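A short worksheet on the structure shown next.
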There are 4 protein chains.
Amino acid sequence: MIRIAVLGCGRIGVMHAANIAAHPRAALAGVYDIHAPAALGVAKTTGARVFASVEECLADPGVDAVLIATATDTHADLLEACLAAGKPVLCEKPIDLSLARVKTCAERIKGNTLPVQLGFVRRFDPGHRAVRLAIQAGQIGEVHQVTITSRDPGLAPEAYLRASGGIFRDMTIHDFDMARFILGEEITTVFATGSRLVGPDLMAALGDFDTVTVVLTTASGKQAVIGNSRRAVYGYDQRVEAFGSAGMAISENRRPHAMRLTGAATTDAAAPLLDFFIERYREAFDAEIDAFVTAIESGSAPEVGFEDGVQALVLAEAALLSATEGRAVQVSEVL
Amino acid sequence: MIRIAVLGCGRIGVMHAANIAAHPRAALAGVYDIHAPAALGVAKTTGARVFASVEECLADPGVDAVLIATATDTHADLLEACLAAGKPVLCEKPIDLSLARVKTCAERIKGNTLPVQLGFVRRFDPGHRAVRLAIQAGQIGEVHQVTITSRDPGLAPEAYLRASGGIFRDMTIHDFDMARFILGEEITTVFATGSRLVGPDLMAALGDFDTVTVVLTTASGKQAVIGNSRRAVYGYDQRVEAFGSAGMAISENRRPHAMRLTGAATTDAAAPLLDFFIERYREAFDAEIDAFVTAIESGSAPEVGFEDGVQALVLAEAALLSATEGRAVQVSEVL
Amino acid sequence: MIRIAVLGCGRIGVMHAANIAAHPRAALAGVYDIHAPAALGVAKTTGARVFASVEECLADPGVDAVLIATATDTHADLLEACLAAGKPVLCEKPIDLSLARVKTCAERIKGNTLPVQLGFVRRFDPGHRAVRLAIQAGQIGEVHQVTITSRDPGLAPEAYLRASGGIFRDMTIHDFDMARFILGEEITTVFATGSRLVGPDLMAALGDFDTVTVVLTTASGKQAVIGNSRRAVYGYDQRVEAFGSAGMAISENRRPHAMRLTGAATTDAAAPLLDFFIERYREAFDAEIDAFVTAIESGSAPEVGFEDGVQALVLAEAALLSATEGRAVQVSEVL
Amino acid sequence: MIRIAVLGCGRIGVMHAANIAAHPRAALAGVYDIHAPAALGVAKTTGARVFASVEECLADPGVDAVLIATATDTHADLLEACLAAGKPVLCEKPIDLSLARVKTCAERIKGNTLPVQLGFVRRFDPGHRAVRLAIQAGQIGEVHQVTITSRDPGLAPEAYLRASGGIFRDMTIHDFDMARFILGEEITTVFATGSRLVGPDLMAALGDFDTVTVVLTTASGKQAVIGNSRRAVYGYDQRVEAFGSAGMAISENRRPHAMRLTGAATTDAAAPLLDFFIERYREAFDAEIDAFVTAIESGSAPEVGFEDGVQALVLAEAALLSATEGRAVQVSEVL
């Protein structure tokens, strides 16, 4: 049994705590939240203990590993502290909103051999993963074009958006990682354009965008397109298409059931999409915990590691620069 | 050029005349209808001549073959007359509503070597045909169960229904032929049940059904199910499913275009079905003419012949008897 | 917390025990199996206690309710014993293979007011249930025809088949219940036909069928068709179609993910179906437990009760008689 | 009857001639090709006359209108000559490969009131058009993002590519027009990136690309993405997706029939796509002729006119500049 503590009991921390408790080879070692009642709530339903502080948690020999699900601006500090305490880490994305801070973090943990896994959960989605597996099995030949569609069901609250670091660092970051995962090759140039169509006044006030399109290319000429919107009225739109020299693989949207309704006006209508990320990526979140447990058990490097977190943030920086300057940005410019 | 005359200029005769005129290796030799203005209408748009009588048509050496699309009760007489005149025939289904008359017809044309093709147009539908081809290619192994769904978009006029011979002889007859086509084996028993759900009063007055389910079995134990309704509000529902020892092939419904609409309430909604048979089976009607032309050119027996017309009617008789007596009827009982 | 004991630790009992343990308002009160190591295995992974006997379990005041997942021939006895001990029951189907025994059981528990729920899990499937809800919401008008397809991925072991009571009582029984659920009206006549196509020699030796088609009708003329096969090479084929006066609702098959593969030979190919019932009906099994817990909490009658178990078995008897005699059987004949 | 002459009897001219001949309100007035045998071939199958020269054709009072399907470098000259002769024109795209020549042409025909229709046939595709109609009907609200996928089944011959003007002017030009059609708003900036993945050596030799991604934006911030490839092994991939504030409409690929094949390895596999443009856009080519005939009959401006041809070429110029300079290009830069 790998005993995992969860730091941060917001929506995603609560979900992770429950998943850890339900995992056959993991146990929930305890929870911590800066807001004590949040941690107590999780403790009540899972029976897990509540840590009084991060320090107490990290000092506990009954804690084999730590999952960091706290506010973004604490991720890098906690990650460093966990590794210093000898605890493997599964850290929610992003490592930090500041690339400079992320680079410092990379410096400080240099030489670390403990498993560090980044929370790019979509890599574990059965559909998206099936696209990757089809590529690896040669079923679509060489990848030429990748299209990633990712739209949220609705605009997040202003407070969330204000602290998010902007759409590229907060939302597109998942798609940057997905592009790297599906392309199987590093990205060299980024072009991005952003619009304010969902909440124009709020976006203008924040200096942010709610609708973006990003084009990524690799040294060999592979192309990826990311389309994001902060609001799709039909639900959480999550699709990945890979086009290659020998075929195409598409991970389609998912629905809560497969009932199709036909009437006089329209036929074969499906249910709304699974909504929101906790439901849509339920199997992926399970598989993410499983991969972390397996990495710890085997001592092997997690499939998605610290460097993946760095690369995704680098692409976000490049996208922001591109959207600002209206030109393709070389990734090397922002490294 | 095979010069084909069309007898009968109702809805289906008009369509056939146009298809013949457009066929690259056929010409419309002329048209005839007992109601002269109907024939004149076709002549006007196609430039074809109008025959003053059937006799004139059959005596014309410029007529290589005849398509019979007149009222059902004239089919057998005309078919016999055409063959007597040395003209190959493409005859709309059914040969006659009376099995006795059909048997007499069979007697009279015994020894005929001219091509006689029956108008079971659905055999030429690209989707249904692809099911048959998949079976012949071994792609689903041995056929075990066949499901045929066939629903009209709306109840036909009372006058049509009154002359139709009842749902089994008029509507299910296409599905009986389809079952034989897909099963690839003769049917030995028939069970049928009929209900009056669409137009109960009219159906009761006619002694007919508007909603029927028929189960067919073969000597080797293969099973087929036919589901018919006289009214599907969503259009002309035409599907064929073949389940076998190594897989399954389904010919799905068709729509005028492939646009899918997603909104807040439903997702991926398709357009209504193609409606009605002239649109839905457009390619099939073309292919039917092509098969007839090819049979005449090559002197070979048409793929769907007189005997297929007999068998379908036999199954209709058996179904009617089954529905009346509430038991499985051996096909041999009605032969 | 409703504390539920599980009797029988075979494949389905093990699953139920895990689901109960994971339910937020239920607890696994303990497990029992005639083969002690089976119960110990469940105890090990769930931490639940092991009862030494059924008697010990039923006498335990810490047991609020019982789930019966033992061999079929013990269901009726255990059901009676549980109710006598004042424990609500969730009993796997069928109540018994003998209709006479089921009737005796009905007599003995007459007057019982404790919740008795039958394990017709498919009623809780989100897709099938969405069909039922669409009907109740009037979205397809009056139901006219129902088509239920249910095919197992592979032939069960001979020992299982020998004890199964035959395909109608073992496999079709689920579909009989589904037909009643979707039709929303009692069935009055049954026609069934059975073939031996999957394992002809074994089936002949057992006097059983592996491929059956059943037609059910109600007093008002609604029709339902059930198609079963003991082996579909492409997986567990589970579909329900309801056709009505105002539209159609279809619960389609489900797959582990929504990736579609396109190559030079075929396009849009999906993954194999979810396989087998534990995966396919995972949400349904969860919802079944939830409905049982809710019924106990609220003291209300379960949605699917003892009488539903009786009716499904009655239909199985009628189907067997019909297949033997080749005629439509009135349900009243076998009551 | 509108009597239409066809200039140019290559693949597309032959098809247009046949479509005109089959149109109920049009007649094929005659054909011309610089290579006489090509014109004679069409004359043979359609019965149309052959013009000895363009001059003869334009001088003929029996010619009501002209369809230009000759080599691209003759389009502008012929278009000017037709209008000078008082003949309405349906001209295949592009007007010319040189924007300068197109501008001169625009100058020369200034004041023309005869119908001039450009051959952007995809606007008439029932699926793509249904997307546009859904937008106009308000079914998806305000358009935010458009995704156009357009991939040819295979690399065209080198001679064709050499004369094509490059992928942006030859292939993407259709998608530029489609983007304008679906967005319903003029495009202000273009970003394009091109790769050589299908035929790298040939493309390098030609200074052309075979795989391109283009991002278009409008003044209000609407975004469109075009993905092109010169070779999709699975056929002619033609899709349009419009995402809006109230929903999404997708025009999916089309196949020759709706048969779906399920086996042990994959399920629900569809047939290869309709291939190539003559089959895929068959209804669209028919509707294009119909729109031209209707415009002449009614004297109204065609839905897709000369200015649409100019705009598409402007976007192609901008894309080429963008791909060369690696920056977003303002459309105003190339006007």
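Predicted model, so just to flag it, every value in this text is computed and none were measured. A note on names: the letters A, B, ... follow the listed sequences, proteins ahead of strands, and every chain is numbered from 1. Both backbone and side-chain heavy atoms feed into the values below; hydrogens, waters and symmetry mates do not.
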Across chain D and chain A, going purely by atom type as modelled, what donor-acceptor pairs are there at a distance under 3.5 Å?
| unit_1 | atom_1 | unit_2 | atom_2 | d |
| --- | --- | --- | --- | --- |
| A/Gln145 | OE1 | D/Arg151 | NE | 3.3 |
| A/Gln145 | OE1 | D/Arg151 | NH2 | 3.2 |
| A/Gln145 | NE2 | D/Val212 | O | 3.1 |
| A/Gln145 | NE2 | D/Asn228 | O | 3.3 |
| A/Arg151 | NE | D/Gln145 | OE1 | 3.3 |
| A/Arg151 | NH1 | D/Glu241 | OE2 | 3.3 |
| A/Arg151 | NH2 | D/Gln145 | OE1 | 3.2 |
| A/Ser195 | OG | D/Gly221 | O | 2.5 |
| A/Ser195 | OG | D/Gln223 | NE2 | 3.0 |
| A/Thr211 | O | D/Gln223 | NE2 | 3.0 |
| A/Val212 | O | D/Gln145 | NE2 | 3.1 |
| A/Thr213 | OG1 | D/Gln223 | OE1 | 2.8 |
| A/Gly221 | O | D/Ser195 | OG | 2.5 |
| A/Gln223 | OE1 | D/Thr213 | OG1 | 2.8 |
| A/Gln223 | NE2 | D/Ser195 | OG | 3.0 |
| A/Gln223 | NE2 | D/Thr211 | O | 2.9 |
| A/Asn228 | O | D/Gln145 | NE2 | 3.3 |
| A/Arg239 | NH1 | D/Glu241 | OE1 | 2.9 |
| A/Arg239 | NH2 | D/Glu241 | OE2 | 3.0 |
| A/Glu241 | OE1 | D/Arg239 | NH1 | 2.9 |
| A/Glu241 | OE2 | D/Arg151 | NH1 | 3.3 |
| A/Glu241 | OE2 | D/Arg239 | NH2 | 3.0 |
| A/Gly326 | O | D/Ala328 | N | 2.9 |
| A/Ala328 | N | D/Gly326 | O | 2.9 |

- Under the ring-ring contact (aromatic ring centres under 6.0 Å, His included) test, which residues partner D/Phe176, sequence neighbours left out? none

- Message: Taking side chain to side chain contact (heavy atoms under 4.5 Å, CB included) as the definition, give me every residue that meets it alongside A/Ala318, ordered by chain and number, with sequence neighbours left out.
- Response: A/Val190, A/Val329, A/Val334

- Task: Scan for ring pair (Phe, Tyr, Trp, His ring centres under 6.0 Å) pairs involving residues 191-221 of chain A, sequence neighbours excluded, and state none if there are none.
- Result: A/Phe191-D/Phe191

- Among D/Gly221, D/Ala246, D/Pro200, which residue forms the greatest number of heavy-atom pairs with chain A at distances under 4.5 Å? D/Gly221

